[in-house]
Amino acid sequence: MTLNHSPETQTKLIARVPTITGRDLPEWFQTIDNGPAFLRCDERANWLADEHGLTHGYAVAIVLEHERRRRGRQF
């Protein structure tokens with residue numbers, strides 16, 4: 001199991017998240033923030049997939065996008 005998508009694949013998956021899941025990215029990011037305090041991205045992706053019925057590919061894409069944007073929020 002890998003958490004690496006090509007940048008092109010990541011962009012395509014993220015663009016389809018609202019249509020496929022019925023929820024926008026900010027809602028998913030809030031779900032991750034309110035969820036269990038996993039240290040590893042793969043644990044978060046597995047949790048999203050298991051708890052919210054996402055395919056592994058979309059769960060990984062959401063987690064990676066969350067991490068990317070979180071890193072951009074320097075306090």
Side-chain angles (χ1 to χ4, degrees):
M1 167 173 47
T2 182
L3 290 184
N4 295 318
H5 295 273
S6 71
E8 183 178 319
T9 298
Q10 177 71 8
T11 299
K12 289 178 181 179
L13 286 170
I14 289 301
R16 291 191 297 242
V17 164
T19 302
I20 297 298
T21 68
R23 294 172 68 182
D24 291 327
L25 284 175
E27 292 176 72
W28 285 116
F29 296 163
Q30 188 69 33
T31 299
I32 292 169
D33 290 339
N34 292 335
F38 295 117
L39 295 177
R40 295 178 21 199
C41 290
D42 63 335
E43 292 173 323
R44 281 189 215 105
N46 289 336
W47 174 76
L48 272 183
D50 293 343
E51 289 293 316
H52 298 280
L54 298 174
T55 64
H56 183 71
Y58 281 104
V60 167
I62 292 167
V63 168
L64 291 176
E65 190 67 16
H66 178 263
E67 286 297 308
R68 185 184 72 78
R69 291 185 187 190
R70 189 172 64 100
R71 275 184 254 127
R73 288 187 257 160
Q74 300 300 322
F75 296 98

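Scored by the side-chain hydrogen bond (donor to acceptor under 3.5 Å, both in side chains) test, Thr31 finds Arg23 as partners (sequence neighbours excluded). Taking Glu67 as the reference, Arg44, Arg70 meet the salt bridge (Lys or Arg N to Asp or Glu O under 4.0 Å) condition, with sequence neighbours excluded. Under the rule for a side-chain hydrogen bond (donor to acceptor under 3.5 Å, both in side chains), Thr19 has no partner lying at least two apart in sequence or in another chain.
Of all heavy-atom pairs spanning Gly35 and Trp47, the tightest one is CA-CH2, 3.8 Å. A pairwise comparison of heavy atoms in Pro18 and Ala15 identifies CD-O, 3.7 Å as the closest pair. Nearest heavy atoms, Ala61 versus Leu13: CB-CB, 3.8 Å. Considering all non-hydrogen atoms of both residues, Ala59 and Ala45 come closest at CB-O, 3.3 Å.
Note that CG of Asn46 and CD of Glu51 are 11.5 Å apart. Values are rounded to the nearest 0.5 Å. Note that the CZ atom of Arg69 and the CG atom of Leu64 stand 12.0 Å from one another [nearest 0.5 Å]. For the atom pair CG (Leu54) and OG1 (Thr21), the distance works out to 6.5 Å, reported to the nearest 0.5 Å.
Looking only at distances, no side-chain donor or acceptor of Glu65 sits under 3.5 Å from a matching main-chain atom of Ile62.
The aromatic rings of Trp28 and His52 lie perpendicular to each other, with more than 60° between the two planes, well past the 30° mark.
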Full working for side-chain contact (heavy atoms from CB on, under 4.5 Å) between His66 and Leu25: CA-CA 8 Å; His66 178 263; Leu25 284 175; over 6 Å; no
